[in-house]
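One structure is given here, and the rest of the page talks about it.
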Amino acid sequence: MPIRGERMKKIIALLSGVMIMLSAVSFSFSAYAAEPEQMGTSSAYYTYDRKSKTLTIKGDGATPDYPNWNNTPWFEYLDDIEHLIVEEGITRIGNYTFYNFVSCKDVLLPSTLTEIGKNAFSYGAFQEIVLPEALIVIDYRAFDHCSLKYIKIPAAVEQIGKQSFQFSQNLSAVEFDSFCKCEVLDSAFMNCENLNSISVPSQVSLGKQCVGFDRFSKTVDGFTIYGYQNTSARSYAVVNGINFVDLETYTIELAVGKTVNSEIYSEGSVKHFTFTPSATAEYKFFSTGTTDVRVTLYDSENGRTAEHDDISDFNRNFCLNYNCTAGKTYSLDVEGVGVSGAFRICAMPVNIVSVSASFSPELNFVEYVDASEKDGKIYYDYSKKLSFLKLNIVYDTGYEAVTTAADGEFSYIDIIVSDNQLSAPWRVGRENYVTVSYGDFNCTAPVTLSAHSHEYETTVVEPTLSEGGYTIYTCKWCSKSYNADFTERLGREISGKAVLLENPQGSCEHSIPVSGVEVYADGEHVFTTGDDGSYSFITEREGCDITFVPPYGPKRTIHVDEGGDIVLEKTALAGFDFNNDSHINIRDLSKLLRMAKESGGIIVDYNGDGVTDADDFKLANNFLYLEKTDESVYENTY
């Protein structure tokens, strides 16, 4: 085995130290402090919460390109923004979008992001940023003059634009994913004065003065490139007179939970790793990637103790468990099985003590506004927020690992997120949560549901003759409604009661109802009275003649001039001319009794005893022997 000394440790530190575990950003915010405003004509929207100083971008697709930073919608409060969140669904950040964020402390990017435009983050004050795995393009001066201390370039990146990270003078570590095949264009990392070395995978190509040069286009003294023979990194170092270290010749030290990117550059070669645990426990050593590799483990006495090749016929990585003693150094030889290529290796404890989960930043939905429909019920879709769902896993060694649910698995154990919204709908004021399962452990992560603000849509109900008009106000989110803006109906109501005229002088003191009275307004039939003698109808006429035609007596007409609703109260009508000869005498009594006998029922019941008989004719005594019914007893104008 190669000899490991202080120089070796320094080199190992340079290689493995770049694996910085970014701590989860923790601050509360409400992305819905204001109504989302559209960014140009795009499908992207923004909100700014002044209280938490958080700018949130949401929507789908690309944000617009801006000609300069002072054309952005948030230019007026640019100096106040401390937190930037770009939500899932955004695929491109346009030119100058977040230029000169001089107060910004942290940035969260979505897993859907594939491109970062020109000068998008230039002069940003944030010191950390996690580039998503789907990112393909980092354009011209995207992070020029930033305060970044560390950056990891994901495997999917194809191009790092010219001057993209130049003058980032705090930048001390740049890590390429070992599977990365990107092209680093001219001056990309020029004048990053704290960047003393860089490790370059075999398939990454370096452009002119892209790294290791100062602002005067001179190579930086002592700058070192770690790479492989016969690669772009080696050629770049030779041409520019830069120190070069061959990665094939060194042993890399593993730290618990730190994934190390590495390569088997030449077919059949072996990469060497060491591991010195600080706690005695069972540990898992495993690889990830598509390269077929196997491992042999040696104990501190250099004895072969265990080995492993393929996890399955479909997974050519290795996974080896072993009980390790604190303070002892173990060696691992990783060999490519007939192939070369990139892979990752990690050492992790095996035994988990606890698992907890939380959204960071907290997940806040607005009731109804952010809801969709699933199986006919209201549902809040958190699937685009899984990159914010953090799992904190505590092991028996005391080591704590943080991962996101969006990864789907961690240390070869599936992360499963579920909820019970459909059986127990989320409500404002209720403890709402999602359930996270990791191996045999289950935990919950709270979700906040905020009350929505009503946004009303209106429906106008026009007035009719019989009904007044009004406006219905209905919230477009929750369907809550109320009626307002009432208008009067178009017609007027005329009502009263048809009663029996008890003597020719117009008396009707007993208020005996007359049924079957036909009521006409200016000749148009409008009502027929029932057993209680009452009538009510609507007319649009201001003045009209109301004619009452009783079944057994002369008609009566009343002229109405007054506007508005009118209650005529008692309308007295003569009702004893049963034989319709315009006389009231004994013949009418005979006719009444005959009619009652023939019908077998009640014809009239003026005395209210439930039968038709001679007693119903008593009041007719007041009219007997009149030669003709005198209509002059009626008062015909109201």
Side-chain angles (χ1 to χ4, degrees), residues 1-2 4 12 15-16 19 133 155 177-181 199 201-203 228-229 246-277 280-325 328-352 393 395 397 399 401 403 407-415 438-439:
M1 299 297 292
R4 272 77 75 179
I12 292 170
L15 295 174
S16 61
M19 304 300 297
E133 295 297 325
D177 188 284
S178 56
F179 294 90
C180 191
K181 302 177 182 179
S199 179
S202 63
Q203 299 188 75
Y228 298 91
Q229 298 291 340
D246 187 357
L247 288 173
E248 286 288 337
T249 64
Y250 289 101
T251 298
I252 301 172
E253 183 178 354
L254 297 178
V256 173
K258 308 294 185 182
T259 301
V260 173
N261 293 343
S262 191
E263 283 189 75
I264 298 294
Y265 181 61
S266 57
E267 184 177 333
S269 64
V270 177
K271 293 300 296 286
H272 306 287
F273 302 87
T274 62
F275 176 67
T276 306
T280 299
E282 183 180 6
Y283 291 87
K284 177 195 304 183
F285 304 94
F286 61 92
S287 66
T288 57
T290 57
T291 302
D292 190 356
V293 289
R294 61 188 173 204
V295 66
T296 303
L297 176 68
Y298 300 85
D299 62 17
S300 57
E301 284 73 35
N302 206 33
R304 181 185 298 226
T305 58
E307 58 185 25
H308 190 260
D309 190 356
D310 298 334
I311 293 176
S312 70
D313 291 339
F314 306 99
N315 188 340
R316 298 301 185 179
N317 289 287
F318 63 80
C319 184
L320 174 66
N321 286 20
Y322 193 76
N323 290 308
C324 298
T325 304
K328 290 188 175 183
T329 298
Y330 297 83
S331 300
L332 298 98
D333 287 353
V334 178
E335 179 183 0
V337 183
V339 296
S340 61
F343 66 96
R344 304 180 184 94
I345 183 173
C346 185
M348 286 288 293
V350 172
N351 298 312
I352 300 172
I393 306 167
Y395 294 86
T397 62
Y399 174 74
T403 187
D407 294 337
E409 68 170 34
F410 178 71
S411 190
Y412 283 120
I413 299 177
D414 289 336
I415 301 170
Y438 183 74

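When all heavy atoms of Leu247 and Ser199 are compared, the pair lying nearest together is CD1-OG, 3.6 Å. When all heavy atoms of Asp246 and Thr249 are compared, the pair lying nearest together is O-OG1, 2.9 Å. Among all heavy-atom pairs drawn from Gly439 and Ile413, the shortest one is N-CG2, 3.5 Å. Residue Pro201 comes nearest to Ser178 through the heavy atom pair CB-O, 4.0 Å, listed as atom of the first residue, atom of the second, then distance. Taking each heavy atom of Ser287 and Val293 in turn, the nearest pair found is OG-CG2, 3.6 Å.
The distance from atom CZ of Arg294 to atom CG of Asn317, rounded to the nearest 0.5 Å, is 14.0 Å. In this structure, Phe318 CZ and Thr288 OG1 are separated by 9.0 Å, a value rounded to the nearest 0.5 Å. Note: Glu253 CD to Phe273 CZ = 12.0 Å, rounded to the nearest 0.5 Å. Rounded to the nearest 0.5 angstrom, His272 NE2 and Tyr298 OH are separated by 9.0 Å. Between atom CD1 of residue Ile393 and atom CD1 of residue Ile352 there is a gap of 5.5 Å, rounded to the nearest 0.5 Å. The OG atom of Ser340 sits 8.5 Å away from the CD1 atom of Ile264 when rounded to the nearest 0.5 Å.
Under the side-chain hydrogen bond (donor to acceptor under 3.5 Å, both in side chains) criterion, Glu133 pairs with no residue, sequence neighbours left out. Judged as a side-chain hydrogen bond (donor to acceptor under 3.5 Å, both in side chains), and not counting sequence neighbours, the contacts of Asp177 are Arg344. With sequence neighbours excluded, no residue forms a side-chain hydrogen bond (donor to acceptor under 3.5 Å, both in side chains) with Asp299. Listed by chain and residue number, nothing satisfies the side-chain hydrogen bond (donor to acceptor under 3.5 Å, both in side chains) test with Glu409 (two or more places apart in sequence, or in another chain). Residues meeting the ring-ring contact (aromatic ring centres under 6.0 Å, His included) test with Phe286, sequence neighbours left out: Tyr412. The salt bridge (charged side-chain N to carboxylate O under 4.0 Å, His left out) test applied to Asp310 returns Arg316, not counting sequence neighbours.
Taking the six-membered ring for Trp and the full ring otherwise, Phe275 and Tyr283 have centroids separated by under 6.0 Å.
Under the 4.5 Å side-chain criterion, counting only non-hydrogen atoms from C-beta, Val334 is not in contact with Val270. Side-chain contact between Gln203 and Cys180 is absent, with no heavy-atom pair separated by less than 4.5 Å. Here the side chains of Ile345 and Leu254 are in contact, with some heavy-atom distance below 4.5 Å.
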Stepwise side chain to side chain contact (heavy atoms under 4.5 Å, CB included) check, Met348 with Tyr399
CA-CA 9 Å; Met348 286 288 293; Tyr399 174 74; 4.0 Å; yes

Could you check Val295 against Asp333 for side chain to side chain contact (heavy atoms under 4.5 Å, CB included), going step by step and ending with a plain yes or no?
CA-CA 6 Å; Val295 66; Asp333 287 353; over 6 Å; no

After noting the C-alpha distance and the side-chain angles of Ser202 and Glu263, does the key distance pass the side-chain hydrogen bond (donor to acceptor under 3.5 Å, both in side chains) rule?
CA-CA 8 Å; Ser202 63; Glu263 283 189 75; 2.5 Å; yes

For side chain to side chain contact (heavy atoms under 4.5 Å, CB included), just list the numbers for Thr276 and Tyr330, CA-CA rounded to whole Å, side-chain angles, deciding distance to a tenth of an Å, and then say yes or no.
CA-CA 6 Å; Thr276 306; Tyr330 297 83; over 6 Å; no

Under the side chain to side chain contact (heavy atoms under 4.5 Å, CB included) rule, what do Phe179 and Thr290 come out as? Steps first, then yes or no, please.
CA-CA 10 Å; Phe179 294 90; Thr290 57; 4.2 Å; yes

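Distance alone, capped at 3.5 Å, is enough to place a donor-acceptor pair between the Lys284 side chain and the Ser411 backbone. At distances below 3.5 Å, at least one donor-acceptor pair connects side-chain atoms of Tyr265 with backbone N or O atoms of Gln229. Side chain of Thr325 to backbone of Thr280: no donor-acceptor contact under 3.5 angstrom is found. With hydrogens and angles disregarded, a donor-acceptor distance shorter than 3.5 Å links the side chain of Thr291 to the backbone of Ala342. With Ser312 contributing its side chain and Asn315 its backbone, the two residues share a donor-acceptor pair below 3.5 Å.
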